[in-house]
Amino acid sequence: MWPSTGRVLAGFSKGTNKGVDILGKVGDPVFASASGRVVYSGTGLRGYGKLVSFKHNDTFLSAYAHKQPAGQGGQNVVKGQKIAEIGNTDSPR
């Protein structure tokens, strides 16, 4: 499932964009795209603002940048659960 209802600004491109950029309004909810476990929540990766990432299985990981994370490390989430709110740290939009 999509984590947000905003407009897609840029899609994944192996060489130039390592994710999907979605435009939304600050404070809008962000939902888990699949069930998993929080493996990182913080601000330690420069250029990503407030980042939260999830391990869904042995091969699938998702990360949400520039958000106000709601999850803590080790926390389990289910698909569709609110995990954060859209933010704008380190990003003009």
Side-chain angles (χ1 to χ4, degrees):
M1 82 175 271
W2 284 97
S4 176
T5 59
R7 180 172 56 96
V8 174
L9 294 175
F12 175 81
S13 174
K14 191 173 184 179
T16 60
N17 195 29
K18 295 183 186 221
V20 176
D21 299 337
I22 301 173
L23 180 64
K25 295 179 188 153
V26 172
D28 281 355
V30 178
F31 303 100
S33 59
S35 296
R37 182 176 45 87
V38 177
V39 292
Y40 179 82
S41 179
T43 58
L45 295 172
R46 183 180 166 99
Y48 290 94
K50 295 177 180 175
L51 176 70
V52 61
S53 60
F54 301 89
K55 182 175 182 176
H56 302 288
N57 57 40
D58 287 339
T59 58
F60 181 52
L61 176 88
S62 63
Y64 305 87
H66 310 295
K67 313 292 184 201
Q68 302 295 328
Q72 300 296 323
Q75 177 183 351
N76 289 320
V77 298
V78 295
K79 179 179 177 178
Q81 178 181 338
K82 181 180 174 183
I83 55 169
E85 293 180 353
I86 292 178
N88 62 356
T89 54
D90 293 344
S91 178
R93 64 180 196 171

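Between Ser33 and Phe60 the shortest heavy-atom distance is OG-CZ, 4.5 Å. Contact record, Ile86 with Ser4: CD1-OG, 3.8 Å, taken as the closest heavy-atom pair. Closest heavy-atom contact between Pro3 and Ile22: CG-CD1, 4.1 Å. Here the closest non-hydrogen pair linking Glu85 and Val30 is C-CG2, 4.1 Å. Considering every non-hydrogen atom in both Leu51 and Ala63, the closest pair reads CD1-CB, 4.0 Å. In this structure, Ile83 and Phe54 approach most closely via the heavy-atom pair CD1-CE1, 3.4 Å.
Taking CG from Leu61 and NE2 from His56, the interatomic distance works out to 6.5 Å, rounded to the nearest 0.5 Å.
Although no hydrogens or angles enter the test, the distance criterion places a donor-acceptor pair under 3.5 Å between the side chain of Ser35 and the main chain of Lys79.
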